[in-house]
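As a basis for the values below, the full set of heavy atoms in this structure was taken, side chains included, without hydrogen atoms, waters or symmetry mates. Predicted, not measured: the structure shown is a model, and the values here were computed from it. One is the number of the first residue; the rest follow in order along the sequence.
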Amino acid sequence: MTRVTHAVLVATLLTVPVLVERAYAPHGAGLYDMRKNVELEGKVIRVDFVNPHTYVYFDVVGNDGKVIAMKCETRGATVLRRSGWSPEMFARGASIKVKGHPHREDPTACTVETMTRGDS
């Protein structure tokens, strides 16, 4: 094996873990505690209807009467569109109900299992 071939092989092997980490990092459920459940109701502020994940921002009134700004992650825009959802369905001020799992470190974030609008 030549020095150049050896150097290319070493560089490639050192790069693989970084590529694997980047490929899986945004898609892992590790950020969320899947053993715990949350049920939230609030008013939509905005939605980032994008891939690979859509983010729904909404205000929830806590038990103490204070407003909590939530950010919950759900499936990507492509999957949501195929399921009949559109960005227009998330009008500012619309009622929303979310069932999901809390973020391990951020009490104002969650991942969505089910989401309904209005009184559904």
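Side-chain contact between Pro87 and Arg81: present, with at least one pair of heavy atoms (C-beta onward) separated by less than 4.5 Å. Considering only heavy atoms from C-beta on, Arg92 stays 4.5 Å or farther from Val44 through its side chain. Taking the side chain as every heavy atom from C-beta outward, Lys97 and Glu39 never approach each other to under 4.5 Å. Counting heavy atoms from C-beta outward, Lys43 and Ile96 have side chains that stay 4.5 Å or more apart.
Placement of Met34 and Val38 in two distinct hydrophobic clusters is found when ILVMFWY residues are connected by side-chain heavy-atom separations under 4.5 Å, directly or transitively. Residue Val60 is grouped with residue Phe90 when hydrophobic side chains (ILVMFWY) are merged at heavy-atom distances under 4.5 angstrom, including chains of intermediate members. By the criterion of side-chain heavy atoms lying less than 4.5 angstrom apart, applied directly or through intervening Ile, Leu, Val, Met, Phe, Trp or Tyr residues, Ile45 is grouped together with Tyr55 in one hydrophobic cluster.
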Next on the checklist: Evaluate Asn37 against His101 for side chain to side chain contact (heavy atoms under 4.5 Å, CB included), listing each step before the verdict.
Outcome noted: CA-CA 5 Å; Asn37 297 309; His101 306 285; 3.1 Å; yes

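Rounding to the nearest 0.5 angstrom, the gap separating the NZ atom in Lys99 from the CG atom in Leu40 is 11.5 Å. With values rounded to the nearest 0.5 angstrom, Met89 atom CE is found 9.5 Å from Leu80 atom CG. One distance of note links CG of Asn63 with CD1 of Ile68; it measures 8.0 Å at 0.5 Å rounding. Atom NE2 in His53 sits 8.0 Å away from atom OG1 in Thr111 (nearest 0.5 Å).
Aromatic ring centres of Trp85 and Phe49 lie farther apart than the 6.0 Å criterion allows.
In the displayed structure, Asp64 atom CG is contacted under 6.0 Å by more than 12 heavy atoms of other residues, nucleotides or ligands.
Under the side-chain contact (heavy atoms from CB on, under 4.5 Å) test applied with Val56, the options Val98, Val47, Asp48, Val112 reduce to a single match, Val47.
Between the side chain of Arg104 and the backbone N or O of Gly30 there is at least one donor-acceptor pair closer than 3.5 Å.
Remark: Lys71 pairs with no residue by the side chain to side chain donor-acceptor pair (under 3.5 Å) rule, at least two apart or across chains.
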